[in-house]
Amino acid sequence: MRSLTGESPVVAGAASRTDKFLQYPVMPTLRPAYPRGPWHYKDMHQLVVTYESTAEAVRAVVPAPLQPADGNRVTIEWRRMSEVSGFGPYTEVGHSVACTFEGKPAIYVFQAFLDSESPTLAGREILGFPKRYGEPDLKTVREVLTGTLNYGGVQVALATMPYRAVDLSDRLAEIEQELQTTQLVLKLLPDVDNHTPKVAQLIRVGIYNVRLKGAWGGPAELFTVPHVGCPVAALPVVRVLEGRQHLWDMTLSDGQVVHDYLETERP
Ligand SMILES: CC(=O)CC(=O)O
């Protein structure tokens, strides 16, 4: 059947239906899994343990063209997100290595475990964060800030440090800069044939509106347990280098492709 304009009403109807569905940020359209950013993080409590691992373990997780930085430095951090627009509160453990990219310092995040679905999916689908579901917790137990990570009820990591022992207020500007070190992730997504790579990109994550409200240092301890489902112990602790606590705000929203593996490999 033709309309007066000669257009098929079925086709015209289908086109407007498609437009309607394209307004949604993501599936499912009845209740998208996450809202469009930007996502504003307020009063984020962070426990950061930096340690030396083995050269072999570090090399095994770092993709070219990144180069591991000197010292085999690895960071495991707990973040208690107290107040986040669009996501609500949640807790996350991120595991990263110090690298260089194009000769400049960078942090490469190779795995993360969260207790909330919405930021896990947003982080994976948009930015390419290697996020999975886990059971992280960050709390003060007596005078000790205690970060734990459980996987299916089994504890795989324990980090402890005296609560706000050494005040680093005189270094806030320097640490605020440090928090903005280039952060990179590897976004890997297969095509629907479940075989061909569709996306293979190194992404620089945009971190905006950073405001450091407090920083503290002190000794820290870290213990990890080998577990095939949650391989935090794959980067073994040779020695702990530093413990830190930060209280800060920031905004996440977008990223930038800094290396496209499929483009560079195209004949
Ligand atoms: C969207 C995100 O990627 C959030 C996060 O880092 O937890």
Side-chain angles (χ1 to χ4, degrees), residues 1-44 63 79-94 108-136 180 182-211 248-266:
M1 187 173 87
R2 295 258 150 206
S3 70
L4 288 179
T5 59
E7 216 181 333
S8 155
V10 175
V11 172
S16 60
R17 265 209 325 273
T18 305
D19 289 350
K20 176 183 153 197
F21 285 108
L22 289 181
Q23 288 167 15
Y24 295 99
V26 289
M27 322 78 75
T29 49
L30 258 185
R31 168 50 53 198
Y34 47 84
R36 270 190 220 285
W39 306 286
H40 302 287
Y41 291 72
K42 196 163 174 296
D43 292 335
M44 191 164 62
R79 290 184 185 199
R80 173 75 198 141
M81 322 293 198
S82 320
E83 173 56 50
V84 193
S85 60
F87 293 145
Y90 65 95
T91 305
E92 169 167 358
V93 167
Y108 173 63
V109 186
F110 61 91
Q111 62 182 350
F113 297 90
L114 285 75
D115 61 3
S116 179
E117 182 188 64
S118 193
T120 303
L121 294 176
R124 288 181 66 97
E125 291 178 7
I126 302 172
L127 299 169
F129 265 108
K131 294 183 171 181
R132 296 190 47 219
Y133 181 76
E135 298 128 38
Q180 294 170 76
T182 298
Q183 203 177 104
L184 300 168
V185 291
L186 178 63
K187 182 172 185 180
L188 286 181
L189 295 173
D191 209 341
V192 285
D193 63 4
N194 197 14
H195 176 71
T196 317
K198 178 77 172 172
V199 176
Q201 298 167 333
L202 203 53
I203 310 274
R204 182 201 310 263
V205 178
I207 302 170
Y208 305 99
N209 307 324
V210 171
R211 190 168 153 237
W248 55 303
D249 299 345
M250 64 147 184
T251 300
L252 285 182
S253 168
D254 53 14
Q256 186 196 355
V257 179
V258 294
H259 186 84
D260 192 320
Y261 293 87
L262 301 182
E263 282 297 319
T264 49
E265 278 164 24
R266 229 180 281 279

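Each residue takes its place number in the sequence, starting with 1. Atoms considered below: every heavy atom in the structure, side chains included; atoms not considered: hydrogens, waters and symmetry mates.
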Which distance, rounded to the nearest 0.5 Å, do you find between the [atom1] of [X] and the [atom2] of [Y]?
X      : Y      : atom1 : atom2 : value
Leu184 : Gln201 : CG    : CD    : 12.5 Å
Tyr133 : Asp115 : OH    : CG    : 6.5 Å
Ser85  : Lys42  : OG    : NZ    : 11.5 Å
Glu125 : Met27  : CD    : CE    : 5.5 Å
Leu186 : Tyr261 : CG    : OH    : 5.5 Å
Thr91  : Arg79  : OG1   : CZ    : 12.0 Å

Partners meeting ring pair (Phe, Tyr, Trp, His ring centres under 6.0 Å) with [X] (sequence neighbours left out):
X      : answer
Phe110 : His95
Phe113 : none
His40  : none
Tyr90  : none

Closest approach of Pro136 to Leu114 (non-hydrogen atoms, all atoms of both residues):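 In this case the closest contact between Pro136 and Leu114 is CD-C, 4.1 Å.
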Donor-acceptor side-chain pairing of Thr196 and Asp191 below 3.5 angstrom: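 Per modelled atom types, Thr196 and Asp191 side chains form no pair under 3.5 Å.
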CD (Glu83) with more than 12 external heavy atoms under 6.0 Å: no
Within the 4.5 Å heavy-atom criterion, are [X] and [Y] side-chain neighbours or not?
X      : Y      : result
Val185 : Pro130 : yes
Pro119 : Val84  : no
Leu202 : Val257 : no
Phe129 : Ile203 : no
Arg80  : Pro89  : yes
Val210 : Met250 : yes
Thr120 : Tyr34  : no

Derivation of the side chain to side chain contact (heavy atoms under 4.5 Å, CB included) call for Tyr24 and Leu30: CA-CA 9 Å; Tyr24 295 99; Leu30 258 185; over 6 Å; no
Under 3.5 Å donor-acceptor, Lys187 side chain and Ile126 backbone: yes
Residues in side chain to side chain donor-acceptor pair (under 3.5 Å) contact with Arg124, at least two apart in sequence or another chain: none
Test log, rule side chain to side chain donor-acceptor pair (under 3.5 Å), inputs Tyr41 and Asn209: CA-CA 10 Å; Tyr41 291 72; Asn209 307 324; over 6 Å; no
Pro35: side-chain contact (heavy atoms from CB on, under 4.5 Å) partners, not counting sequence neighbours: Trp39, Phe87, Ser118
